[in-house]
Each structure stands twice: as structure tokens, then as C-alpha cells.
Amino acid sequence: GERAVVCGILQHIEEAGIHSGDSAAVLPTWKIAPPHLETIRAHTRRLGLALGVRGLMNVQFAIQDGVVYVLEVNPRASRTTPFVSKATGVPLAKAAARVMAGRSLAEQGLTRDLEVRRIFVKESVFPFLKFPGADILLGPEMKSTGEVMGISSDFGIAFAKSQQAAGYSIPTSGTVFVSVNDHDKAGMLPHARALREMGFHVLATRGTAEYLGAHGVPAERVFKVHEGRPNVVDHIRDGRIRIVFNTPLGRESFYDEGAIRKSATLHNVLVVTTLTAAAATVQAVRALRERAVDVLSLQEIHAGGGGATSRTP
């Protein structure tokens with residue numbers, strides 16, 4: 001009833017509509033304007049005090065057209081609590097349990113919002129490899145069975161490390177396949193251009209190849225599964241394709257391109273199904289090409305003062 005401390009604000013890589021347990025997330029936030037962050041902090045404190053929460057609380061926000069919306073408030077811990085605890089070096093579950101038992105935050109020295117000095121990426125781990133035929137397309141139903149962490153001072157490296165920990169490697173050269181719906185073509189264009197500039201060869205289905213070519217990004221057309229042979233699934237089986245960028249839309253696309261995603265999963269090819277994840281993946285590719293992967297334990301991070309810092313509310 002006295003104060004609410006914001007322990008961490010994580011930004012989902014995937015947009016709203018993907019279950020929070022399935023979305024990759026980054027701490028601190030990746031691309032959120034400072035005024036929106038202040039609004040999020042203010043709303044969180046007001047909600048915590050008004051609801052009379054004693055202990056941990058998690059809130060989900062969405063930002064649309066410059067407006068911050070509250071999606072849901074849960075007066076309990078979330079599966080992200082251990083992640084934030086490791087990133088900040090503060091045992092949040094223990095602190096919350098003490099609050100519930102009667103000890104105030106002030107008595108525990110937690111009077112200011114927590115911040116981190118490195119970039120921490122949470123990635124979900126899925127059981128798709130153990131269930132051949134399962135489609136990896138994400139939605140409101142949670143499919144993940146665990147999560148991993150990638151840490152670095154560079155977002156691209158941290159994201160790449162999280163993907164590697166989840167069982168997928170991010171290639172720095174080779175051939176990528178692109179097939180996106182009409183609404184996503186303009187958004188995918190800069191990512192496809194960046195991949196071409198880094199030396200990747202681009203394969204695409206007819207509509208996507210025509211759009212990319214018309215905007216100065218050469219792409220080799222490849223057949224969909226029902227259009228003939230060799231098609232994209234054949235190329236995946238042959239080991240030619242290193243990354244699949246696929247954003248389906250509509251029932252026909254969903255079932256037709258499900259075979260592509262299932263084949264990619266079976267052959268351990270990285271599949272990206274949202275534009276935001278595509279942006280993060282391209283940034284990770286660029287980072288891996290430009291610098292070496294750094295390795296540092298959590299003990300070294302926090303012992304050296306590189307973990308949590310306090311921020312005045």
C-alpha cells in the first residue's frame with residue numbers, strides 16, 4: 001500500500017495476438033519511445049496500488065497509434081519472473097514472498113525501479129521437433145514448453161544467442177526463402193534488401209518475387225508445393241535454404257504453406273513468421289557478421305556491477 005516498484009519492462013518481439021509465453025522478449029525494451037515507457041511505469045504503479053497487490057504483479061500493454069493500452073493485469077508472478085531476476089540480480093520471488101509475509105519493500109532496500117546494463121533476450125522453446133507434423137505458426141494458444149536467455153551488450157548478438165540456445169543457428173550466408181502476404185510485402189522489403197546487400201541469395205514465391213523485383217531486390221522464383229517440382233519443400237530437403245520467412249494470411253495460405261513450415265522444422269531450418277521477428281533476425285545476422293559472440297556468466301555480470309541499477313520512480 002506504500003509503493004510499487006517496476007522490476008522490468010520487456011518488449012515482445014512478436015506483436016500482440018501471439019501468446020506472451022510464446023513470444024521472444026527483450027529487456028530493456030528494444031524500440032519503445034521514452035514517453036510510452038513513462039506511461040507504462042505510471043499505469044503499473046497506479047494499478048498495483050489501486051488493486052492492493054501484495055507481492056508480484058504482471059501487466060501486459062499494447063501500443064497502437066501512439067496510445068498505450070492495458071491488455072490485462074495479473075496479480076501474481078509470471079514465468080518471466082526468474083528471467084528478470086537473473087537479469088537484475090535481484091531474487092524477486094523471494095522479495096515478493098517477504099512482502100506477503102509483512103516486510104515492506106523499503107525494509108528490503110527495494111525502493112526504486114530496477115534497470116539492467118546489458119541486453120537480455122528471452123526466447124521460447126517449442127516441442128515441434130518431437131512432434132513431426134505439428135505446425136509452428138504462433139497464435140493466442142501457448143505452445144512453448146520452456147525458455148532460454150541470450151545476453152550481450154549488442155541486441156543482435158543477444159538475439160542470436162537466444163536462438164542458438166533454443167536449438168536454431170542463425171546463418172550468415174547462403175539462401176533464404178521469402179513468402180509473405182500482401183499486407184506484409186512492404187514491411188518485408190527492407191529486410192530482404194538488407195539480406196541481399198549482405199550477400200544472401202533470395203528465393204521467393206511468385207507474388208513476393210514480383211514485388212521484390214519491382215522494388216530493386218532481385219529474387220529467384222520458386223514453386224509452391226502445389227505448383228510443381230522442384231518446389232520450396234524440395235529445396236529445404238536438399239539443404240539449399242537456410243532461413244524461411246513466411247507470414248501466411250487466410251485459410252488457403254495457412255494450409256498450403258503449413259507444409260513449408262513443417263518441412264523446415266523437420267530439417268532444423270530457422271523459420272520466421274512475423275515481420276518483427278524478421279527485423280530481429282536480420283539484425284542478428286548483421287551482428288554475427290560484424291563481431292564475435294561474447295561469453296560472460298551471470299555471476300561475472302553481477303559481480304562486476306553490470307547487472308541491475310536503481311532508477312528513481
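Computed from a predicted model, the values in this text were never measured in an experiment. In what follows, every heavy atom counts, from backbone to side chain, and hydrogens, waters and symmetry copies are set aside.
Looking at every heavy atom in both residues, I13 comes nearest to A277 through CG2-CA, 3.7 Å. Across every non-hydrogen atom of P82 and R79, the tightest pair is CD-O, 3.3 Å. The two residues T88 and V116 come nearest to each other via the heavy atoms CG2-CG1, 3.8 Å. Nearest heavy-atom pair, V244 versus V269, reported as atom, atom and distance to 0.1 Å: CG2-CG1, 4.1 Å. Minimum interatomic distance between I170 and L288 (heavy atoms only, all atoms of both residues): O-CD1, 3.7 Å. Taking every heavy atom of both residues into account, M188 and L275 meet most closely at N-CD2, 3.9 Å.
R286 is listed as a side-chain neighbour of V282, based on a closest heavy-atom distance under 4.5 Å. Within the 4.5 Å cutoff, the side chain of V180 has no heavy atoms near those of the Y211 side chain. Inter-residue side-chain proximity for M57 and N74 is flagged as unmet; no heavy-atom pair is nearer than 4.5 Å. Counting only heavy atoms from C-beta outward, the side chains of Q283 and W30 approach each other to under 4.5 Å. Side-chain contact between L92 and L114 is present, with heavy atoms from C-beta onward closer than 4.5 Å. Between V232 and I241 the shortest side-chain heavy-atom distance falls below 4.5 Å. For the pair V26/F120, no side-chain contact is recorded, criterion being any heavy-atom separation below 4.5 Å from C-beta on.
The hydrophobic clustering, which links ILVMFWY residues whose side-chain heavy atoms are closer than 4.5 Å, places I151 and I9 apart. Hydrophobic clustering (side-chain heavy atoms under 4.5 Å, transitive across Ile, Leu, Val, Met, Phe, Trp, Tyr) groups V272 together with F155. Residues I32 and Y69 are members of separate hydrophobic clusters, defined by side-chain heavy-atom contacts under 4.5 angstrom among Ile, Leu, Val, Met, Phe, Trp and Tyr. Linking Ile, Leu, Val, Met, Phe, Trp and Tyr whenever their side-chain heavy atoms come within less than 4.5 Å leaves M100 and L110 in two separate clusters. In the hydrophobic clustering of ILVMFWY residues, with side-chain heavy atoms under 4.5 Å counting as a link, V5 and V59 come out apart.
With H36 contributing its side chain and G66 its backbone, the two residues share a donor-acceptor pair below 3.5 Å. Judged by distance alone, with hydrogens and angles left aside, the side-chain atoms of E123 form no donor-acceptor pair with the main-chain N or O of Q163 at under 3.5 Å. Between the N181 side chain and the D184 main chain, a donor and an acceptor come within less than 3.5 Å of each other. A distance-only check finds no donor-acceptor pair linking the side chain of T80 to the backbone of F83 [under 3.5 Å]. A donor-acceptor contact shorter than 3.5 Å links the side chain of S297 to the backbone of E300. Remark: side-chain polar atoms of T208 are not paired, donor with acceptor, to backbone N or O of T205 under 3.5 angstrom. Of the possible donor and acceptor atoms, one in the side chain of S152 sits under 3.5 Å from a partner among the backbone N and O of D154. Listed for the N231 side chain is no donor-acceptor partner under 3.5 Å among the backbone atoms of F223. Judged purely by atom type and a 3.5 angstrom limit, K122 has no side-chain atom pairing as donor or acceptor with the backbone of V84. At least one donor-acceptor pair closer than 3.5 Å links the side chain of H267 to the backbone N or O of S263.
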Solution key, residues 195-204 side-chain donor-acceptor pairs under 3.5 Å, sequence neighbours excluded:
{"from": "H201", "atom 1": "NE2", "to": "E220", "atom 2": "OE1", "distance (Å)": "2.7"}

Atom pairs and distances, donor-acceptor, side-chain atoms in residues 46-54, under 3.5 Å, two or more places apart:
{"from": "R54", "atom 1": "NH1", "to": "G52", "atom 2": "O", "distance (Å)": "3.2"}

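Q60 and N58 form no side-chain donor-acceptor contact under 3.5 Å, judged by distance and modelled atom types alone. Side-chain contact annotation: T273 with N246, donor-acceptor N/O pair under 3.5 Å absent.
Around atom CZ of R3, more than 12 heavy atoms belonging to other residues, nucleotides or ligands sit under 6.0 Å away. Applying the 6.0 Å contact sphere to CD of E2 captures no more than 12 heavy atoms from other residues, nucleotides or ligands.
From K86, atom NZ reaches atom NE2 of H302 across 10.0 Å, with rounding to the nearest 0.5 Å. To the nearest 0.5 Å, atoms NE2 (H43) and CD (E38) are separated by 12.0 Å. Atom OG1 in T44 sits 9.0 Å away from atom CG in D113 (nearest 0.5 Å). Interatomic distance, L10 CG to L27 CG, rounded to the nearest 0.5 Å: 4.5 Å. Separating the OG atom in S173 from the CZ atom in R289 is a distance of 7.0 Å, to the nearest 0.5 Å. Expressed to the nearest 0.5 Å, how far CZ of F177 lies from NE2 of H235 amounts to 9.5 Å.
Salt-bridge check for R118 with D294: failed, with every basic side-chain N at 4.0 Å or more from each acidic carboxylate O.
Cluster partners of V125, using a side-chain heavy-atom cutoff of under 4.5 Å among ILVMFWY residues and allowing indirect links, are V148.
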Determine, stepwise, if the pair T29 / L37 fulfils side chain to side chain contact (heavy atoms under 4.5 Å, CB included).
CA-CA 9 Å; T29 56; L37 292 175; 3.7 Å; yes
For I243 and F245: C-alpha separation, side-chain torsions, deciding distance, then whether side chain to side chain contact (heavy atoms under 4.5 Å, CB included) applies.
CA-CA 7 Å; I243 310 176; F245 295 93; 3.6 Å; yes
Set out, in order, the CA-CA distance, both residues' side-chain angles and the distance that settles side chain to side chain contact (heavy atoms under 4.5 Å, CB included) for L71 and F61, then state yes or no.
CA-CA 5 Å; L71 295 183; F61 296 92; over 6 Å; no
